[in-house]
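Right, one structure below, let's go through it.
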Amino acid sequence: MKKEVIAETFTPFYDPTEDRIKLIINYQSADKRIDFMITRAFIINFVPAFDDYLLQYYPQEALASQEKLSSRKTTQAVTETYNDKKSPQQKDKREESKITATDNANMQLFTQEPELLIKTDFIYDKNSKKTTLIFSGKKSTAKAALTYLMMEQLIGTIKTAIPNFSWGIAQNF
């Protein structure tokens with residue numbers, strides 16, 4: 001029987017051993033947790049499809065978000081110039097702070113055999129203006145009803161886990 005859960009949290013990170021993104025659904029709950037492995041090929045198809053979906057079903061929000069992003073890029077360029085002047089030790093500490101020791105312990109404690117993510121479905125509900133996002137593997141399915149903002153945060157989080165340089169993917173992908 002296929003395991004089905006309601007996704008409450010999404011925790012993606014790059015697994016260099018597998019050379020894949022590991023997407024942990026509900027990492028703090030042993031019985032509701034699902035670990036998906038996402039291939040580079042899946043990511044390369046998924047990210048543009050996700051962005052196109054947002055533009056199709058949430059056009060006003062997506063355009064407003066694009067405007068905010070373009071104004072933030074100027075600020076980010078200044079910040080990156082400042083951060084490039086920091087020592088490698090300072091940069092490493094900043095990267096380590098993204099996942100706390102407690103989060104890391106929970107991810108390890110409840111770890112499961114990861115399964116390959118094979119399919120993602122999007123179902124838009126006009127009444128609630130939410131999208132049901134369904135992640136499916138052979139043994140498990142995770143569903144989440146998300147608003148535009150939540151979907152934007154999810155794709156942003158997944159994008160931060162992509163090893164852009166080693167996968168040959170542009171930073172603004």
Side-chain angles (χ1 to χ4, degrees), residues 4-15 19-28 32-84 94-95 97-99 103 107 114-137 140-173:
E4 292 188 20
V5 301
I6 301 298
E8 297 168 9
T9 63
F10 300 89
T11 310
F13 65 92
Y14 175 66
D15 183 338
D19 192 29
R20 295 179 178 179
I21 302 296
K22 187 173 188 179
L23 178 62
I24 302 172
I25 309 289
N26 304 330
Y27 78 93
Q28 292 180 319
K32 295 179 185 176
R33 179 176 170 151
I34 298 175
D35 293 7
F36 285 119
M37 293 303 270
I38 309 174
T39 65
R40 180 184 334 197
F42 192 97
I43 287 286
I44 289 171
N45 291 316
F46 176 72
V47 171
F50 199 100
D51 289 339
D52 289 346
Y53 179 87
L54 292 178
L55 282 171
Q56 181 179 353
Y57 289 96
Y58 302 94
Q60 291 87 5
E61 295 93 335
L63 291 174
S65 179
Q66 289 290 340
E67 289 174 10
K68 285 181 192 174
L69 181 63
S70 64
S71 69
R72 267 192 254 150
K73 284 185 180 179
T74 305
T75 306
Q76 185 178 3
V78 173
T79 304
E80 285 175 359
T81 303
Y82 171 76
N83 286 337
D84 287 344
R94 193 176 66 238
E95 292 299 315
S97 69
K98 290 180 183 177
I99 297 177
D103 289 340
M107 285 191 278
E115 66 177 295
L116 195 60
L117 180 64
I118 8 181
K119 183 170 113 174
T120 305
D121 293 312
F122 300 84
I123 303 166
Y124 182 73
D125 180 10
K126 289 180 186 176
N127 296 327
S128 67
K129 294 189 177 184
K130 288 186 177 182
T131 295
T132 300
L133 187 57
I134 305 168
F135 292 102
S136 301
S140 306
T141 299
K143 295 181 181 181
L146 306 171
T147 63
Y148 171 81
L149 183 58
M150 295 163 79
M151 291 185 65
E152 190 178 59
Q153 290 171 344
L154 173 62
I155 195 64
T157 304
I158 290 172
K159 285 179 177 180
T160 62
I162 296 171
N164 296 81
F165 183 74
S166 65
W167 280 11
I169 297 175
Q171 286 287 67
N172 60 351
F173 175 66

To the nearest 0.5 Å, what is the distance between [atom1] ([X]) and [atom2] ([Y])?
X    : Y    : atom1 : atom2 : result
L63  : L55  : CG    : CG    : 6.5 Å
I155 : M150 : CD1   : CE    : 14.5 Å
E152 : D51  : CD    : CG    : 9.5 Å
T11  : R33  : OG1   : CZ    : 8.0 Å
I6   : T141 : CD1   : OG1   : 10.5 Å

Is a side-chain N or O of [X] found less than 3.5 angstrom from the main chain of [Y], in a donor-acceptor match?
X    : Y    : result
D125 : T132 : no
N26  : T9   : yes
Y58  : T147 : no
N164 : A170 : yes

By salt bridge (Lys or Arg N to Asp or Glu O under 4.0 Å), E8 pairs with (sequence neighbours left out) K32
Given the rule in the side-chain contact (heavy atoms from CB on, under 4.5 Å) test, do F10 and I25 qualify, once you have shown the distances and angles that lead to the verdict?
CA-CA 5 Å; F10 300 89; I25 309 289; 3.5 Å; yes
Apply side-chain contact (heavy atoms from CB on, under 4.5 Å) to L117 and I21, showing your working.
CA-CA 10 Å; L117 180 64; I21 302 296; over 6 Å; no
Between the side chains of E115 and S140, does any donor sit under 3.5 Å from an acceptor?
yes
Do [X] and [Y] come close enough that some side-chain heavy atom pair is under 4.5 Å?
X    : Y    : result
F135 : L23  : yes
M151 : F50  : yes
Y124 : K129 : yes
F122 : L133 : yes
L54  : T131 : no
D19  : Y14  : yes
R20  : L116 : yes

Test side-chain contact (heavy atoms from CB on, under 4.5 Å) on I169 and V47; report intermediate values, then the result.
CA-CA 12 Å; I169 297 175; V47 171; over 6 Å; no
Looking only at non-hydrogen atoms, find the nearest pair between [X] and [Y] and report the distance.
X    : Y    : answer
M37  : P114 : CG-CB, 3.4 Å
K119 : D121 : CE-OD2, 2.9 Å
W167 : I162 : CE3-CG2, 3.9 Å
A144 : A7   : CB-O, 3.8 Å

Worked verdict on F36 versus F42 for side-chain contact (heavy atoms from CB on, under 4.5 Å): CA-CA 12 Å; F36 285 119; F42 192 97; over 6 Å; no
Here the salt bridge (charged side-chain N to carboxylate O under 4.0 Å, His left out) pairs for residues 164-173, sequence neighbours left out, are none
Do Y57 and Y148 have ring centres separated by under 6.0 Å? no
